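Read through the structure below, which is laid out as structure tokens, and then see the notes.
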Amino acid sequence: MKEADYVVVGAGSAGCVVAARLSEAGARVIVLEAGPEDRHPMIHIPAGIPSLLQNPAVNWNYSAEPEEGTAGRRIHWPRGRVLGGSSSINGMLYVRGNPQDYNTWAQMGCHGWTYEEVLPFFKKSESYANGSDEFRGRSGPLVVEDYRTILPLTHMFVAAARAAGFAYSDDLNGAQPEGVGYSQMTRRGRFRASTAQTFLAAARGRANLTVIPGAQCTGLLMEGTRCTGVKYTSGGGREEPIKVAKEVVVSGGAVNSPHILQISGIGPAAHLESIGVAVVQDLPGVGGNLQDHYVVRVSHHMKDTVSINELSRGFKVAREVLRYLFAGNGALTFGVTTAQVFCRSREGLASPDLQLLFTPASHDPEQFGVLERQAGASVAICPTRPQSRGSIMAASSAPLARPKIVPGYLTAEDDYRVLCAGLAHTRRIFAEQPLARHSVKETSPAVAVTDTRAFKEAARKLGNTLYHPVGTCKMGTDAMAVVDERLRVRGIENLRVADASVMPVLTTGNTNAPTIMIGEKAASMISEDG
């Protein structure tokens with residue numbers, strides 16, 4: 001039987017960090033990852049993202065249940081099933097969020113998680129050449145870079161946003177996390193900087209770290225309310241156990257972490273009994289409190305300028321390939337969003353509740369992931385602190401069966417209000433120069449959508465996930481809390497959860513950077529508690 005001090009379940013954005021740091025501290029660590037090694041070439045080319053979003057070789061390809069808030073549509077949920085997890089298939093945006101996010105966590109009972117207390121872990125994780133030493137790290141494993149190539153359309157958007165009254169920030173992850181600024185990416189030169197290619201790659205030469213790809217966790221080993229290890233299958237049908245001398249750290253993400261707990265008897269007792277799982281610990285919050293960023297995109301056809309649409313076709317593709325190979329720049333180094341605006345939907349808010357994500361490209365509304373032929377630009381309107389809540393619940397006791405995902409999109413009326421405010425902000429920006437002179441027309445949701453009722457209908461029919469599910473093993477002190485402030489599962493010995501599922505509420509922006517920070521802080525606390 002395999003044995004280790006710690007088993008980390010899931011080699012994703014947080015799991016790779018936890019495993020690397022614990023092995024760095026001298027512990028014996030085994031990492032289980034359900035997916036393969038990260039050898040798929042499109043993982044490492046930043047512009048390869050579209051080919052990964054539905055690729056079963058590296059993607060769980062989950063889907064959410066049809067809901068009224070999505071006009072009965074079944075929304076596709078990509079999640080990374082490969083070393084690096086979703087950091088190997090995401091848009092590579094590095095966005096920490098707003099300081100108020102973490103102060104709010106602390107006010108909700110998550111002691112030790114104020115912005116002042118988490119900032120050192122953000123800095124420890126990253127290596128970024130620009131910005132202020134007060135806020136930015138210089139020598140961490142995670143390489144963060146600015147865009148190497150910026151199309152004129154992006155500069156136009158930034159200038160138009162400033163003309164519309166939004167203050168310019170030269171570092172949205174620094175002293176001024178509000179206003180308009182250029183995006184930063186987790187990229188190492190011309191290649192993607194996933195946590196597998198940074199944290200885990202640096203640690204894999206250590207004798208005390210074992211990484212097992214293709215190993216899906218089928219449950220926790222329990223002796224009463226004490227976790228003693230895990231069991232997993234490598235695809236042959238036979239389960240293998242691993243015993244731990246210290247702890248199991250579940251880092252499966254917002255979908256898989258609650259599912260692993262539930263099939264192991266940890267979760268809402270009534271639900272577990274209904275699917276034939278013996279209850280080990282009644283924790284009603286496991287799988288609840290699901291939050292995600294649901295966005296509506298505003299798209300424009302453009303003229304007299306160049307967008308990614310044209311660069312992705314014909315001889316221009318060959319030119320971009322050569323730029324990438326010989327100069328390490330050009331369109332193939334792009335992520336998904338080149339500039340952003342963090343702003344407020346109304347007066348009186350303590351911090352921004354909207355993120356407007358600009359992309360110098362537009363997609364065919366009839367074909368998933370296919371760019372339009374005409375030059376285009378788009379802005380994704382994202383309410384960063386949605387009030388809507390959903391759930392992720394095991395559908396059966398079978399460990400390999402997929403859980404049921406019910407996001408609850410747009411079940412809270414206030415989310416419509418914030419989306420409407422974001423639409424108004426976006427239209428103001430497109431009406432300003434220099435962007436206005438290059439816009440042919442708004443193509444989605446269409447200029448005709450002006451009243452609240454029409455926009456609500458458009459939001460239900462056109463909206464989509466920004467791939468940021470969190471909260472299903474929330475941290476806190478209330479009755480729905482699953483883990484305490486040190487990420488220990490309530491009522492269970494030797495078991496923690498460390499990933500985006502522990503966030504009590506969403507952060508203001510993309511969730512990869514905060515999840516990496518959670519991995520850093522988790523590893524530090526585990527070593528302290530030793």
Side-chain angles (χ1 to χ4, degrees), residues 10 12-15 17-18 77 79 85-87 90 93-115 117-119 121-122 125 177 195 249-261 283 285-294 351-353 355 382-392 405 407-408 465-478 480-490 496-523 525:
S13 293
V17 179
V18 173
W77 270 35
R79 308 308 302 157
S86 293
S87 77
N90 68 1
L93 279 184
Y94 184 83
V95 181
R96 291 180 177 178
N98 191 278
Q100 186 61 37
D101 298 334
Y102 307 102
N103 294 335
T104 298
W105 290 8
Q107 290 167 8
M108 296 173 70
C110 305
H111 302 298
W113 292 83
T114 65
Y115 179 66
E117 290 166 309
V118 302
L119 179 58
F121 296 102
F122 277 118
S125 69
T195 53
V249 183
V250 177
S251 296
V255 177
N256 292 329
S257 286
H259 186 246
I260 290 169
L261 265 58
L283 281 181
V286 177
N289 191 49
L290 173 62
Q291 301 156 60
D292 188 19
H293 284 144
Y294 184 81
S351 61
D353 63 342
Q355 181 186 20
C382 175
T384 59
R385 297 195 296 274
Q387 301 302 303
S388 299
R389 296 290 185 271
S391 65
I392 294 178
I405 300 172
T465 174
L466 206 57
Y467 319 128
H468 299 158
V470 309
T472 48
C473 296
K474 68 171 281 189
M475 171 173 46
T477 57
D478 63 279
M480 293 295 288
V482 176
V483 300
D484 65 13
E485 72 276 6
R486 298 189 74 79
L487 307 186
R488 298 171 295 206
V489 176
R490 296 172 63 187
R496 301 195 204 215
V497 178
D499 54 35
S501 72
V502 306
M503 295 186 191
V505 291
L506 265 164
T507 54
T508 303
N510 306 66
T511 51
N512 192 49
T515 302
I516 292 169
M517 177 277 291
I518 289 170
E520 285 278 22
K521 187 165 169 58
M525 293 187 296

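Excluded from the calculations below are hydrogen atoms, water molecules and symmetry mates; all remaining heavy atoms, backbone and side chain alike, are included. Computed from a predicted structure; not experimentally measured.
Summarising the geometry, atom OH belonging to Tyr294 is positioned 9.5 Å from atom OG1 belonging to Thr465; distances are rounded to the nearest 0.5 Å. Note that the OG1 atom of Thr114 and the CD atom of Gln100 stand 11.0 Å from one another [nearest 0.5 Å]. One distance of note links SG of Cys110 with CG of Asn103; it measures 12.0 Å at 0.5 Å rounding. The distance from atom CG of Asn256 to atom CG of Leu261, rounded to the nearest 0.5 Å, is 11.5 Å.
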Step-by-step side chain to side chain contact (heavy atoms under 4.5 Å, CB included) determination, His111 to Glu117: CA-CA 9 Å; His111 302 298; Glu117 290 166 309; over 6 Å; no
Given the rule in the side chain to side chain contact (heavy atoms under 4.5 Å, CB included) test, do Arg79 and Tyr467 qualify, once you have shown the distances and angles that lead to the verdict? CA-CA 8 Å; Arg79 308 308 302 157; Tyr467 319 128; 3.9 Å; yes
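Heavy-atom minimum distance, Arg490 versus Leu283: O-CD1, 3.6 Å. Annotation for Val17 and Ser13: closest pair CG2-O, 3.3 Å, computed over non-hydrogen atoms. Closest approach of Gly509 to His293, counting heavy atoms only: O-CE1, 3.1 Å. Nearest heavy-atom pair across Glu520 and Ser125 is OE2-CA, 3.3 Å.
One side chain, Ser351 or Arg385, offers a donor N or O that lies under 3.5 Å from an acceptor on the other.
For the side chain to side chain contact (heavy atoms under 4.5 Å, CB included) criterion with Thr472, the lone passing option out of Ile405, Leu290, Val482 is Leu290.
In this structure, the side chains of Asn289 and Met480 stay at 4.5 Å or more apart for every pair of heavy atoms. Residues Met475 and Met108 fail the side-chain proximity criterion, which asks for heavy atoms closer than 4.5 Å. In this structure, Trp113 and Met517 have side chains that are in contact, with non-hydrogen atoms separated by less than 4.5 Å. Between Asn512 and Leu93, every side-chain heavy-atom pair lies at or beyond the 4.5 Å cut-off. Residues Leu487 and Ile518 have side chains in contact (heavy-atom distance under 4.5 Å, counting atoms from C-beta outward). With contacts defined as side-chain heavy-atom distances shorter than 4.5 Å, the pair Asp292/Trp77 qualifies. Counting only heavy atoms from C-beta outward, the side chains of Pro352 and Asn98 approach each other to under 4.5 Å. Looking at Asn510 and His468, their side chains come closer than 4.5 Å, going by heavy atoms from C-beta outward.
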Show me, pair by pair, the donor-acceptor contacts under 3.5 angstrom made by side chains of residues 498-508, not counting sequence neighbours?
residue	atom	partner	partner atom	Å
Asp499	OD1	Ser501	N	2.8
Asp499	OD1	Ser501	OG	2.4
Asp499	OD2	Gly252	N	3.1
Asp499	OD2	Gly253	N	2.8
Asp499	OD2	Ser257	OG	2.5
Thr508	OG1	Asp101	OD1	2.8
Thr508	OG1	Asp101	OD2	3.2

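Counting only distance, with no hydrogens or angles, the side chain of Arg389 and the backbone of Pro386 share a donor-acceptor pair below 3.5 Å.
The aromatic rings of Tyr102 and Phe122 sit perpendicular, their planes meeting at an angle over 60°, well past the 30° parallel limit.
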